[in-house]
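Working notes for the structure below.
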Amino acid sequence: MFCDTSYLVAFGALNEIVICTMQPIQEIYKFERPSFCKERSLPYIDWGYGLTPGKRDKTVPIMAFAWDRVV
C-alpha cells in the first residue's frame, strides 16, 4: 500500500493544507480553505487508521482535516 511504504507529511496554513512525500520531496496534493470558512481559522490535521465506505473489512491509513467547523 502506498501509505505504508511512503514518508508522508502534511503542512497546514491559514489558506491551505499541503501533503508531501519526503523521499523524494514532492507535493502530492493541496487543499484550499473553503470560501465559506472564516478567514483566520486554522486547519486541524489528524492521521490514523479507520474503516472507509469502500473498505469495511480492514482498517486503512486515513488523514482527516477540518477548517472552522467543517470536516
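Below, each value reflects all heavy atoms present in this structure, side chains not excepted, and no hydrogens, waters or symmetry copies. In this chain, numbering begins with 1 at the start of the sequence shown.
F31 has its ring centre less than 6.0 Å from the ring centre of F65.
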Give the intermediate values and the outcome of side-chain contact (heavy atoms from CB on, under 4.5 Å) for residues Q26 and I28. CA-CA 6 Å; Q26 180 180 358; I28 295 176; 5.7 Å; no

Would D46 and M63 count as a side-chain contact (heavy atoms from CB on, under 4.5 Å) if you check the C-alpha gap in whole Å, the side-chain angles of each, and the deciding distance to 0.1 Å? CA-CA 6 Å; D46 193 20; M63 183 191 93; over 6 Å; no

Show the numbers, then the answer: is there a side-chain contact (heavy atoms from CB on, under 4.5 Å) between V9 and I19? CA-CA 6 Å; V9 64; I19 302 173; over 6 Å; no

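Few gaps surround CD on E32; more than 12 heavy atoms of other groups in view lie less than 6.0 Å from it.
Annotation for C20 and E27: closest pair SG-CA, 4.0 Å, computed over non-hydrogen atoms. Here the shortest heavy-atom pairing between K30 and V18 reads CG-CG2, 3.9 Å. Taking every heavy atom of both residues into account, P43 and A13 meet most closely at CD-O, 3.1 Å.
Transitive grouping of hydrophobic side chains (ILVMFWY, heavy atoms separated by less than 4.5 Å) keeps I45 and L42 in distinct clusters.
Paired with I17 under the rule side chain to side chain contact (heavy atoms under 4.5 Å, CB included), one option of W67, F11, Y44, Y29 passes, and it is W67.
Note that OG of S41 is 9.0 Å distant from CG of N15, once rounded to the nearest 0.5 Å. From Y7, atom OH reaches atom OG1 of T21 across 11.5 Å, with rounding to the nearest 0.5 Å. To the nearest 0.5 Å, atoms CZ (R33) and NZ (K38) are separated by 12.0 Å.
Considering only heavy atoms from C-beta on, W47 stays 4.5 Å or farther from P61 through its side chain.
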